[in-house]
Amino acid sequence: MQDTLALLYWYDRNSRQLPWRTAPSDILSGVKPDPYYVWLSEIMLQQTTVAAVKGYFELFIKTWPTLADMANAEEEDILKAWAGLGYYSRARNLYKCAQFVQLHHNGRFPEEEERLLKLPGIGPYTAAAISTIAFGRHAAVVDGNVERVLSRRYGLLTTLPALKAEVKPLMGEMTPHDRPGDFAQAMMDLGATVCTPKSPACGICPWLEVCEGRKQGIADTLPRKAPKKMKPTRRGMAFLLSDESGRILLRKRADKGLLAGMSEPITTHWADDAALEDLTAAPIQADWVRTEKDVKHTFTHFHLEMSVWQAQAPATYEEPEGYWWSEQHELEGEALPTVMKKALKVGGLIS
DNA sequence: GATCCGTGGCA
DNA sequence: TTGCCAAGGAT
């Protein structure tokens, strides 16, 4: 109880102003958070920093001010707007979710955790977060911040990911029935700004006096985690084929797997033992010129090295089914993941 | 439970 | 340069 009140008091004085957040003082004045804003921000914030999300959130609510607007959009436009933010299945599920809520819930998000959990892209964390932040329901919100903060507060030595199950009931007991949403956000803010993964600022922590990890001098070593696996390096080639007017040939990636549904120039399959200059892999015979620099990029579970080649297609060339020519000045607006933008960049096609 | 799925900032 | 890490979900 003391922990709870101390943290809420800290939050009232330190709440950050964020585009999707309703300030504690406004909530006290009766202002209701916009569930659409809460949902959109929570999806974007999955495994993604506040700094990275801000600009995207602003763009999205400007382009699609309401859930109905998003439900009526084209998936292609959602993916284009999401390009660069990563974890692209989130964007596809975002669109599915918007349409589902519009169609089956009269355009209003359900308030209960269990019903939110059934929606595409919404898991245990996000369901609890929306239910409590948008609707003021009591819920145990457990994200990476909460796991870290509580593992330190109670000196929990359980390793991730099993720690989550241990922290969930603790968070449930600690969460007040008055202002549960603010409490959840306070926990996450504390983790993001004070109880940080490295060099936590224990000196300014509202829980300084009660923190078990601090007492034992092990706070910055928690939470414990299993050793990570090494990332292999895969290699591949990208072919920037242009036509006589300088347009670039693009295609859409498969619906499942890495970078699903996103656009790309022609690339080879990325493999551990692939060559960087095997022109038999080129889409057509042409005077392919290799760019000065290769592309290096790291995904969640592997490193990628990719050589980039450029050539102009003969006038007789016809693009295959599913491919299209993109004007150079329109490339920036295509649904290109960052790794593909890097390839176009070393080719001098975008800045 | 284990694996797959992006990206950018930072020590 | 390299590894770590961020408001996780789907399979």
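Since the structure is predicted, the reported quantities are computational estimates derived from the model, not experimental observations. The sequence lines fix the lettering, A, B, ..., with proteins before strands; numbering per chain opens at 1.
The CG atom of Leu119(A) sits 16 Å away from the C1' atom of dG8(C) (whole-angstrom rounding). Protein atom NE2 of His301(A) is 16 Å distant from nucleotide atom P of dT11(C), rounded to whole Å. Atom CG in Leu336(A) sits roughly 14 Å away from atom P in dG6(B) (whole-Å rounding). Rounded to whole angstrom, the span from the NZ atom of Lys228(A) across to the P atom of dA6(C) amounts to 8 Å. Rounded to whole Å, the distance from CD on Gln46(A) to C1' on dA10(C) is 11 Å. The CZ-P distance, from Phe299(A) to dT7(B), rounds to 6 Å in whole Å. Atoms CG (Asp220(A)) and C1' (dA11(B)) sit 14 Å apart, rounded to a whole Å.
By the 6.0 Å and 45° rule, Arg13(A) stacks over the aromatic ring of Tyr9(A). Judged by a 6.0 Å distance limit and a 45° cone about the ring axis, Arg148(A) is not positioned over the six-membered ring of Trp207(A).
In the interface, the side chain of Thr48(A) is paired with the base of dG6(B) through a donor and an acceptor atom under 3.5 Å apart. Looking at Thr300(A), its side chain comes within 3.5 Å of the base of dG6(B) through a donor and an acceptor atom.
Ring geometry, Tyr36(A) versus Trp39(A): the interplanar angle falls from 30° to 60°, so the pair is classed tilted.
For His297(A), no side-chain nitrogen or oxygen approaches OP1 or OP2 of dG6(B) to under 4.0 Å. Thr338(A) has a side-chain polar atom (N or O) that falls below the 4.0 Å cut-off from OP1 or OP2 of dG8(B).
The listed nucleotides are dC5(B), dT7(B), dT3(B); the one nearest the side chain of Lys229(A) is dT3(B).
Looking at which nucleotide of DNA chain B each of Lys198(A) and Ala162(A) is closest to, the 5′-most match is held by Ala162(A).
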